[in-house]
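Taking it in order: structure first as structure tokens, then the write-up.
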Amino acid sequence: MEKKKFYLTTAIAYTSRKPHIGNTYEVVLSDAIARFKRFEGYDVFFLTGTDEHGQKIEQLANDAGISPQEYVDGVAGEIRSIWDLMNSSYDKFIRTTDDYHVDSVQKIFKKLYDQGDIYKDSYTGWYCTPCESFWTDTQLADGKCPDCGREVHKGNEEAYFFKMSKYQKALEKHIEENPDFIQPESRKKEMVNNFIKPGIQDLCVSRTSIKWGIPVTFDDKHTIYVWLDALTNYINALGYTPESKGELYNKYWPADVHIIGKDILRFHTIYWPIFLMALGEPLPKKVFGHPWLLSGEDKMSKSLGNVIYADDLVRHFGTDAIRYYLLREMPYAQDGTITYEKIVSTYNTDLANVLGNLANRTVAMVNKYFDGIVPNKDAATDFDEDLKATAEKAKADVVALMDEFRTADALEALWTIANRANKYIDETMPWALAKDEAQVGTLRTVMYNLVEALRWIGSLLEPFMPETAEKLICALGAKAYTLDELVTFGSVDAGFKVGDAAMLFARIDAEKKLAEIEEENAANKAPAIEIEPFKADIEFEKFLDLDIRVGKVLECEPVPKSSKLLRFTIETGSETRQILSGVAKFCKPDEMIGRNVLFVANFPPRKMMGLESNGMILSAEYKDTLNVITVDEKIQSGAQIV
């Protein structure tokens with residue numbers, strides 16, 4: 001009989017920088033789901049990859065002094081190595097710079113244009129570079145990007161637009177008729193109430209100011225906007241083009257689930273379904289928006305200095321221990337937290353004490369009492385049926401919970417077997433049974449049941465902790481059960497020989513480990529910078545002579561024929577003034593618009609490149625870099641620095 005198909009994807013990781021453990025959670029979650037589906041007998045296709053175009057990449061590459069392609073090659077390689085480190089069993093790793101993807105995106109854009117879904121117009125709005133998103137005045141949150149809270153800058157350019165509004169009714173109908181399309185339920189309510197019901201705006205799908213991207217074939221001034229590029233990876237990876245859908249596409253599409261972060265749910269539940277409707281293709285069956293993994297109580301951020309990386313954690317605790325933490329400690333619908341203290345506590349409690357100790361004691365006792373040969377059951381104990389019932393219920397619970405992607409609850413259910421087996425040891429006291437020849441039959445049953453419990457655990461554990469599951473089954477000298485064989489606890493004859501007793505997880509000295517990590521993190525912090533010597537003291541009155549003000553940048557543009565100068569038009573309360581500043585190599589003009597800068601207001605005017613400059617903008621200099629000093633935008637322009 002042909003296997004049932006299951007196609008799942010992660011969001012493709014943005015190649016701006018090395019992914020932290022919060023980014024890595026998604027691929028571990030997806031891998032556990034993919035492995036469990038294979039365990040259930042599905043023919044699984046698991047896709048992940050990298051999103052490599054856009055303005056932010058262009059800027060980072062420019063700052064690094066290399067080409068965008070060189071930049072994304074490096075980061076994409078780093079991402080893939082971390083995915084591999086976490087034992088993710090993906091079937092394909094797509095990059096949006098792959099030739100076949102570029103070709104399909106261009107053909108999709110042309111098809112949508114030819115059928116009237118894409119039109120040319122101009123756009124004036126606020127642009128968030130990190131999110132690659134345009135916003136209207138009313139969509140901004142306190143003047144900042146509503147998605148990420150970062151600064152936005154004014155943009156005005158010719159662009160192509162997709163007629164999103166044309167498909168609004170069809171999308172509403174699909175969500176209503178497919179109640180599981182957006183999960184969890186709280187995310188669906190957020191999308192429907194906040195973004196769909198108020199009216200879906202037409203979407204900008206090209207840029208003229210960005211060159212690092214896929215060109216529009218029939219209008220080479222335009223680069224295809226990142227979301228039309230990135231989202232189509234899910235079908236392009238299967239060989240899709242509008243002209244030919246390909247064998248993998250016909251086999252696996254529509255996707256059973258897109259596993260994505262809650263911050264990009266809008267793009268996957270509004271834009272992506274509408275693109276597919278316009279192409280005449282089936283929609284994915286489900287979009288699951290997982291929560292964030294916070295560092296303590298905060299979102300991970302380099303600026304906050306709280307970023308934790310997967311490779312560092314694996315070095316200290318091992319891959320499976322980190323997989324376990326991510327899958328067990330992340331709630332289904334609320335944000336989870338990660339700290340070194342919590343990792344150590346979870347490691348010692350669940351892995352070392354509960355599972356590791358159970359495995360070590362059981363194998364050691366089989367070796368000691370029966371020369372390593374697992375005996376068959378003989379005389380029953382009063383506790384056998386409860387252990388059997390616990391194992392069988394745990395298996396049923398794990399299967400049901402994994403159908404809903406509730407990995408934390410599934411692992412909790414699986415650990416009930418280990419907890420019950422440890423209690424079973426305390427109840428039956430095999431060390432006491434071994435001292436009484438009349439109790440040998442009971443001892444055989446106890447050892448059989450303990451090995452059987454561990455075999456059930458090892459068989460169910462593989463999707464979550466593949467290395468540990470293999471080690472456990474190997475220590476038992478057994479083969480893992482298939483899901484179909486996990487029906488009746490204790491129905492299989494023993495007689496096989498266990499391996500040597502070994503701790504799967506040795507207990508960690510928490511104080512010593514945390515001190516080691518703290519010392520390592522301190523050593524890895526950037527060294528103190530070398531600064532210029534302080535200048536000689538001056539009289540306080542000389543400082544008071546300087547009139548330093550806050551100015552809001554209304555305009556900023558390069559000065560013709562100058563490689564250094566930018567011309568700023570500054571609002572200074574009730575008036576404006578023009579200031580020239582030699583910062584062209586260090587900042588982009590459009591990113592300065594709307595910012596509050598500090599400037600010396602009482603320097604006499606002077607001419608530069610034929611233009612008058614009325615003041616001096618303050619910058620901080622370090623080595624070969626200048627950064628214009630900006631202040632809170634809530635401060636009134638013209639305010640004096642005192």
Side-chain angles (χ1 to χ4, degrees), residues 9-20 22-24 26-27 30 46-85 88 90-109 127-134 147-148 203-217 220 222-241 258-261 263-264 267-268 271-272 275 302 309-310 588:
T9 75
T10 67
I12 47 177
Y14 197 46
T15 49
S16 56
R17 58 177 59 88
K18 177 181 177 179
H20 55 60
N23 308 133
T24 308
E26 184 173 299
V27 79
S30 301
F46 173 20
L47 175 71
T48 189
T50 44
D51 176 8
E52 303 186 7
H53 292 130
Q55 187 174 23
K56 188 174 183 180
I57 300 294
E58 203 170 51
Q59 290 176 357
L60 290 167
N62 184 59
D63 292 344
I66 57 178
S67 71
Q69 187 64 58
E70 288 177 292
Y71 187 89
V72 297
D73 284 347
V75 179
E78 198 166 32
I79 290 170
R80 188 164 188 165
S81 69
I82 291 174
W83 281 196
D84 291 342
L85 175 70
S88 56
Y90 54 84
D91 295 284
K92 187 164 187 175
F93 190 100
I94 187 173
R95 297 179 58 184
T96 57
T97 52
D98 289 337
D99 291 343
Y100 68 89
H101 173 78
V102 171
D103 176 65
S104 184
V105 169
Q106 290 179 321
K107 289 174 179 175
I108 288 170
F109 193 96
Y127 188 70
C128 174
T129 298
C131 292
E132 304 278 2
S133 299
F134 278 112
D147 274 354
C148 70
L203 178 68
C204 175
V205 290
S206 81
R207 301 289 305 278
T208 57
S209 59
I210 300 172
K211 296 306 177 190
W212 179 240
I214 300 174
V216 175
T217 54
D220 59 9
H222 287 260
T223 298
I224 296 172
Y225 179 61
V226 68
W227 285 107
L228 184 58
D229 167 5
L231 288 166
T232 55
N233 91 89
Y234 303 125
I235 53 177
N236 295 340
L238 300 177
Y240 174 90
T241 73
H258 294 314
I259 304 290
I260 61 166
D263 52 326
I264 55 173
F267 306 106
H268 285 77
Y271 301 164
W272 179 223
F275 291 157
K302 279 209 148 195
Y309 294 107
K588 296 185 180 298

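Considering only heavy atoms from C-beta on, Asp84 stays 4.5 Å or farther from Phe93 through its side chain. Under the 4.5 Å side-chain criterion, counting only non-hydrogen atoms from C-beta, Thr15 is in contact with Ile79. The shortest side-chain heavy-atom distance between Asn236 and Ile108 falls under the 4.5 Å cut-off. Side-chain contact between Ile57 and Tyr14 is present, with at least one heavy-atom pair separated by less than 4.5 Å. Using a 4.5 Å cut-off on side-chain heavy atoms (C-beta onward), Pro215 and Asp220 make no contact. Under the 4.5 Å side-chain criterion, counting only non-hydrogen atoms from C-beta, Thr48 is not in contact with Thr9. Counting heavy atoms from C-beta on, the side chains of Lys18 and Asn23 never come closer than 4.5 Å. At a threshold of 4.5 Å between non-hydrogen side-chain atoms, the residues Val216 and Gln106 do not count as touching.
Between the side chains of Thr50 and Glu52, at least one donor-acceptor pair of N or O atoms lies under 3.5 Å. Under the 3.5 Å distance criterion, with hydrogens and angles disregarded, no donor-acceptor pair is assigned to the side chains of Glu78 and Ser81.
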Carefully, step by step, assess Gln59 and Lys588 under the rule side-chain contact (heavy atoms from CB on, under 4.5 Å).
-> CA-CA 9 Å; Gln59 290 176 357; Lys588 296 185 180 298; 3.3 Å; yes

side-chain contact (heavy atoms from CB on, under 4.5 Å) between Ile224 and Val205, worked out | CA-CA 6 Å; Ile224 296 172; Val205 290; 5.8 Å; no

Using the side-chain contact (heavy atoms from CB on, under 4.5 Å) rule, take Ile214 and His101 through it: C-alpha gap first, then chi angles, then the decisive distance, then the call.
-> CA-CA 10 Å; Ile214 300 174; His101 173 78; 4.2 Å; yes

Stepwise side-chain contact (heavy atoms from CB on, under 4.5 Å) test for Val226 and Asp51 = CA-CA 9 Å; Val226 68; Asp51 176 8; 3.8 Å; yes

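Classification of Arg95 and Asp73 as a salt-bridged pair holds, one side-chain N sitting under 4.0 Å from a carboxylate O.
Side-chain atoms of Glu58 come within 3.5 Å of backbone atoms of Lys211 as a donor-acceptor pair (strictly under, hydrogens ignored). Under a 3.5 Å cut-off, the side chain of Glu26 and the backbone N or O of Ala11 do form a donor-acceptor pair.
His258 and Trp272 have tilted rings, their planes meeting at an angle from 30° to 60° on a 0 to 90° scale. Aromatic ring orientation, His53 versus Trp212: perpendicular (interplanar angle above 60°, classes split at 30° and 60°).
Checked against a 6.0 Å centroid threshold, the rings of Phe267 and Trp227 count as neighbours. Residues Tyr234 and His268 place their aromatic rings such that the two centres sit under 6.0 Å apart.
Here the shortest heavy-atom pairing between Ala230 and Ile12 reads O-CD1, 3.7 Å. Thr223 approaches Gly213 most closely through the heavy-atom pair CG2-CA, 3.4 Å. Across every non-hydrogen atom of Ser104 and Thr241, the tightest pair is OG-CA, 3.7 Å. Of all the heavy atoms in Tyr90 and Arg80, the pair that sits closest is OH-NE, 3.0 Å. Taking both residues in full, the closest heavy atoms of Asp229 and Val105 are given as O-CG2, 4.0 Å, listed atom of the first, atom of the second, then distance. When every heavy atom of Pro19 is checked against every heavy atom of Trp83, the shortest pair comes out as CG-CZ3, 4.0 Å.
Under the 6.0 Å distance and 45° angle rule, Lys92 does not count as a cation-pi partner of Phe46.
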